[in-house]
Amino acid sequence: MTTSLDLLKRGEKAIIVEFTLDMVPLKLLEMGCLPGNEVELVQIAPFKDPMYLNINGSHLAIRKETASHITVEKLSQ
């Protein structure tokens, strides 16, 4: 099931499929936010922004707006 990263629920895992290159900062790419990598939503801040993610062992906090430009495929639990 393909969706955007901002729609994952806490604890869900997915594989990054693609993203809009113009909308994803280079720093995220350097930290492992690349197609084929596994991502897990660890936590969401109280006002729904930012999102705290685990991407292949790297812990990142990204804005929900940025996450909406990253397409992922959910892994079955």
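No hydrogens, no waters, no symmetry mates; every other heavy atom, side chains included, goes into these values. No experiment lies behind these values; they were computed from the predicted model shown.
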CG on Leu34 to CG on Leu28, rounded to 0.5 Å: 10.0 Å
For Ser4 against Ser68, the heavy-atom pair lying closest together: CB-O, 3.7 Å
Could you measure the distance from the CG atom of Leu41 to the NZ atom of Lys13? Nearest 0.5 Å is fine. 12.0 Å
Are side-chain heavy atoms of Leu53 and His59 found at a separation under 4.5 Å? no
Members sharing Val42's hydrophobic cluster (side chains within less than 4.5 Å): Tyr52
side-chain contact (heavy atoms from CB on, under 4.5 Å) partners of Pro35, counting only residues at least two apart: Phe19
Please round to the nearest 0.5 Å and tell me the distance separating atom NZ of Lys64 and atom CD1 of Ile44. 5.0 Å
In the single-linkage hydrophobic clustering (I, L, V, M, F, W, Y; side-chain heavy atoms under 4.5 Å), do Leu5 and Leu26 co-cluster? yes
Decide yes or no for Val39 and Val72: does some side-chain heavy atom of the first lie under 4.5 Å from some side-chain heavy atom of the second? yes
Considering non-hydrogen atoms only, spot the tightest contact between Val17 and Glu73 and give its length. CG2-N, 3.6 Å
Pairs meeting criterion side-chain hydrogen bond (donor to acceptor under 3.5 Å, both in side chains) with involvement of residues 37-51, two or more places apart: Asn37-Asn56
Look up atom CE in Met1 and atom CG in Leu75, then write down how far apart they are to the nearest 0.5 Å. 13.0 Å
For the residue pair Thr66 and Pro25, what are the closest heavy atoms and their distance? CG2-CD, 3.8 Å
Roughly how far, to the nearest 0.5 Å, is the CD1 atom of Ile16 from the CD1 atom of Ile55? 4.5 Å
Could you grab the distance from atom NE2 of His69 to atom CD1 of Ile62, nearest 0.5 Å is fine? 10.5 Å
